[in-house]
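Everything on this sheet refers to the single structure shown next.
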Amino acid sequence: NAGVMQNPRHLVRRRGQEARLRCSPMKGHSHVYWYRQLPEEGLKFMVYLQKENIIDESGMPKERFSAEFPKEGPSILRIQQVVRGDSAAYFCASSPWRERNIQYFGAGTRLSVL
Amino acid sequence: DQQVKQNSPSLSVQEGRISILNCDYTNSMFDYFLWYKKYPAEGPTFLISISSIKDKNEDGRFTVFLNKSAKHLSLHIVPSQPGDSAVYFCAASLDNTDKLIFGTGTRLQVFP
């Protein structure tokens with residue numbers, strides 16, 4: 001009964017490189033959410049996806065960031081041309097269709113941009 | 001625009017006593033509220049939630065109270081245990097959206 005799985009747990013990138021963060025939701029969950037937490041702050045919503053659909057990307061920066069949740073495989077959060085300000089903890093959450101308000105979180109990916 | 005506020009960054013409580021964590025919100029349209037607990041280097045863990053149609057929800061040692069007129073909710077933990085030491089986040093959502101709006105967290109320390 002695995003929970004939400006995120007990998008890698010830690011990711012180090014140099015400025016200008018690409019970062020790819022992966023998230024596998026809990027079994028039976030069809031909704032995936034991505035949040036970002038900057039140091040000493042709360043979690044900020046980025047994007048909400050269902051299989052093959054982006055439902056709400058109102059929290060996603062307009063440039064360099066993209067997300068997908070393909071029919072097969074994990075959800076991917078992609079950050080192109082990373083900058084130091086992208087350094088943060090990125091959390092993925094999932095929820096079942098009938099209990100959409102309660103989201104279950106993965107352990108996060110800590111991105112460090114050098 | 002911080003719609004969910006946790007004004008106490010930290011709280012220290014003796015083991016066995018009650019811990020009360022507070023949360024205020026500004027958007028009267030929020031209709032569902034949640035509390036999460038977070039240990040360092042881990043993801044938030046869901047604790048307890050409450051719908052806006054209720055004013056209290058209880059689950060074991062955890063009770064959440066909602067005061068809609070004051071736009072205030074609180075989490076009571078009794079009795080507090082050392083394992084409760086963590087950062088607690090309050091979150092809110094709107095029925096027609098699925099995103100959670102989080103507060104900045106309160107760090108609870110329970111000492112022996």
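Looking at B/Leu100, the atoms closer than 4.5 Å to chain A (heavy atoms on both sides) sit in the backbone and in the side chain alike. Within the 4.5 angstrom heavy-atom criterion, no atom of A/Gln6 approaches chain B. Looking at B/Tyr39, neither its backbone nor its side chain comes within 4.5 Å of chain A, counting heavy atoms on both sides.
Using modelled atom types and a 3.5 Å distance limit, the side chains of A/Glu57 and A/Tyr48 yield no donor-acceptor pair. A donor-acceptor contact closer than 3.5 angstrom is absent between the side chains of B/His72 and B/Asn67.
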From CA spacing to verdict: side-chain contact (heavy atoms from CB on, under 4.5 Å), B/Gln3, B/Asn27: CA-CA 6 Å; B/Gln3 297 187 70; B/Asn27 190 339; 3.2 Å; yes

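Counting heavy atoms of neighbouring residues, nucleotides and ligands inside a 6.0 Å radius, atom CZ of A/Arg9 exceeds 12 of them.
Contacts with chain A were tallied for B/Pro9, B/Pro44, B/Gly105, B/Ser93; B/Pro44 has the most, counting heavy-atom pairs under 4.5 Å.
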